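Working notes, beginning with the structure itself.
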2 protein chains.
Amino acid sequence: MTVRVLLADDEHLIRGALAALLSLEDDLMVVAEAASGPEALAMARAHEPDVAVLDLQMPGADGVKVATSLRAELPGCQVLIVTSHGRPGHLKRALAAGVRGFVPKTVSAQRLAEIIRTVHAGNRYVDPELAADAISAGDSPLTAREAEVLELAADGAPVAEIAERAALSQGTVRNYLSSAVSKLGVENRHAAVRLARERGWV
Amino acid sequence: MTVRVLLADDEHLIRGALAALLSLEDDLMVVAEAASGPEALAMARAHEPDVAVLDLQMPGADGVKVATSLRAELPGCQVLIVTSHGRPGHLKRALAAGVRGFVPKTVSAQRLAEIIRTVHAGNRYVDPELAADAISAGDSPLTAREAEVLELAADGAPVAEIAERAALSQGTVRNYLSSAVSKLGVENRHAAVRLARERGWV
DNA sequence: CACTGCACATGACAAATGTCAGAAGGCCTC
DNA sequence: GAGGCCTTCTGACATTTGTCATGTGCAGTG
């Protein structure tokens with residue numbers, strides 16, 4: 001019984017190479033490839049794969065978003081996320097979206113093939129190191145608004161702009177920013193943004 | 001006549017897949033693989049490849065640094081850089097370091113194989129799109145100090161800290177920051193940092 | 001040699017930001 | 001229903017920035 005696989009990654013080089021390698025496995029068959037989030041969805045609808053191997057960062061819609069949609073449209077399709085930069089928060093989001101596997105690109109193709117089988121069998125697989133990171137990073141100490149404001153502050157926008165975009169008063173924005181900064185124990189909001197990014201909290 | 005290739009990329013999955021694909025070509029032989037900058041150098045010394053295919057972002061030392069060292073130690077080895085995120089400035093730095101080829105990971109393995117041959121033959125190859133970006137991005141308008149200060153400002157450090165680390169007075173730091181901001185035509189230093197990053201000027 | 005551009009500085013002012021106290025309404029929980 | 005936490009606001013204050021004018025010294029260039 002062969003496992004029908006959908007491969008989505010925006011880097012042609014990697015996608016092609018991966019497809020070739022996975023095809024060497026007798027029980028795996030790459031039935032579709034995609035280079036963007038929306039394309040991955042379309043391909044999934046057209047080919048109904050057993051397992052979707054998605055890159056976390058893709059143009060259009062990221063792996064987690066695609067996974068969420070897939071979950072709703074093709075419940076029989078298991079999702080496995082592959083990523084280069086494993087931020088702890090992403091793992092949490094991915095798991096919440098019903099993703100069954102989460103691995104860094106540092107694994108070998110051999111291992112990936114095994115993991116695809118694991119996931120296809122209905123089991124979960126999370127890279128132990130990423131899992132450890134996620135646990136040690138813990139939950140976000142930020143409230144919903146704090147995170148929202150921090151996100152709007154991400155591109156260096158002044159408070160006035162953040163306030164406008166969030167439909168809040170400037171004072172409120174500064175308060176949220178201030179409390180986020182103190183919760184994260186950093187110097188200023190820009191460092192806060194970076195830290196929250198690293199931890200995957202925004 | 002076969003081309004002896006060194007492959008360096010920190011992502012095992014990609015490296016392995018690439019090695020497999022390139023090995024399908026009759027005239028290419030992957031003689032060594034590395035997962036970090038220093039390792040790439042060591043492997044190059046040991047195996048003296050004809051062409052080194054380096055990922056731009058690797059732990060230890062990035063592709064351009066490795067290229068610089070290789071240039072000095074193994075003049076016969078041509079360097080080809082492969083990257084996911086092609087920032088215009090990187091291309092310039094790479095070319096200055098004597099790199100013969102620069103391509104994004106969105107090319108196919110087929111194309112990559114051709115480009116390896118091109119580079120091995122002593123010719124240069126730069127992805128047209130990246131080249132266009134680099135040209136349109138132009139040269140950095142920043143002076144050496146401005147760039148230096150901007151870099152120190154990158155992690156959201158306050159002026160006082162930047163001043164200390166650069167051994168400058170706070171006023172001077174603010175002046176540099178201010179002139180960088182106005183040269184880049186952005187709102188504040190944080191946006192300046194982001195823009196300079198994007199353009200590869202820092 | 002005068003001119004230009006860069007490095008570096010000071011001082012002063014305006015604007016943005018960070019911090020704090022306080023206060024009101026909403027929601028949840030014991 | 002009292003207490004706790006979140007959201008939202010205001011006002012006041014200290015600190016940090018951004019901006020500008022202005023100065024010196026040094027290197028390179030026509």
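Everything quoted here is computed from the prediction, not taken from an experiment. Naming convention: chains lettered A, B, ... in sequence-line order (proteins, then strands); numbering from 1 in each chain.
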(message) Over all strands shown, is A/Ala144 touching base, sugar-phosphate only, or nothing at heavy-atom distances under 4.0 angstrom?
(response) sugar-phosphate
(message) Whole angstroms only, please: what is the CD-P distance between B/Glu161 and D/dT17?
(response) 10 Å
(request) Return the value, rounded to whole Å, for the distance between atom CG of A/Asn188 and atom P of C/dA16. (result) 18 Å
(request) Using atom CG of B/Leu150 as one end and atom P of D/dT17 as the other, report the distance to the nearest whole Å. (result) 14 Å
(request) Please determine, for the side chain of A/Leu168, which listed nucleotide (C/dA7, D/dC9, D/dT17) has the closest atom? (result) D/dC9
(message) So if I take every side-chain heavy atom of A/Arg145 and compare against D/dT8, C/dT19, C/dT10, which nucleotide ends up nearest?
(response) D/dT8
(message) With a sphere of 6.0 Å drawn around CD of B/Glu187, does it hold more than 12 non-hydrogen atoms of other residues, nucleotides or ligands?
(response) no
Listing time: all N or O pairs from protein to nucleotides 11-14 of chain C that are below 3.5 Å?
none

(request) Heavy atoms only: give me the nearest B/Ala40-B/Ala8 pair and the separation to one decimal. (result) CB-CB, 3.8 Å
(request) Could you tell me the separation between the CD atom of B/Gln170 and the P atom of C/dA7, rounded to a whole number of Å? (result) 20 Å
(request) Give a yes or no on whether the backbone of A/Gly122 and the side-chain of A/Arg100 come within a donor-acceptor separation of less than 3.5 Å. (result) yes
(message) Around atom CZ of B/Arg194, are there more than 12 heavy atoms from other residues, nucleotides or ligands closer than 6.0 Å?
(response) yes
(request) Answer yes or no: is there a side-chain heavy-atom contact under 4.5 Å between A/Arg15 and A/Asp55? (result) no
(request) Indicate, with a heavy-atom threshold strictly under 4.0 Å, whether B/Thr143 touches base, sugar-phosphate, or nothing. (result) sugar-phosphate
(request) Calculate the interatomic distance between B/His190 atom NE2 and D/dT16 atom C1'; express it in whole Å. (result) 10 Å
(request) Could you state the atom-to-atom distance from OH of A/Tyr176 to P of D/dC9 in whole Å? (result) 8 Å
(message) Rounding to an integer number of Å, can you tell me how far B/Leu177 CG sits from D/dT16 P?
(response) 15 Å
(message) With rounding to the nearest 0.5 angstrom, report the OG1 to CD1 distance, A/Thr172 to A/Ile162.
(response) 12.5 Å
(message) Can you tell me if A/Thr172 touches the phosphate of D/dT7, counting only side-chain N or O atoms and a distance under 4.0 Å to OP1 or OP2?
(response) no
(request) Please name the pair of heavy atoms, one in B/Val99 and one in B/Ala67, separated by the smallest distance, quoted to 0.1 Å. (result) CG2-CB, 3.6 Å
(message) When you measure from the side-chain N and O atoms of B/Ser178 to the phosphate of D/dT19, is any distance below 4.0 Å, counting only OP1 and OP2?
(response) yes
(request) Measure from CD on A/Glu187 to P on C/dG18 and round the result to the nearest Å. (result) 11 Å
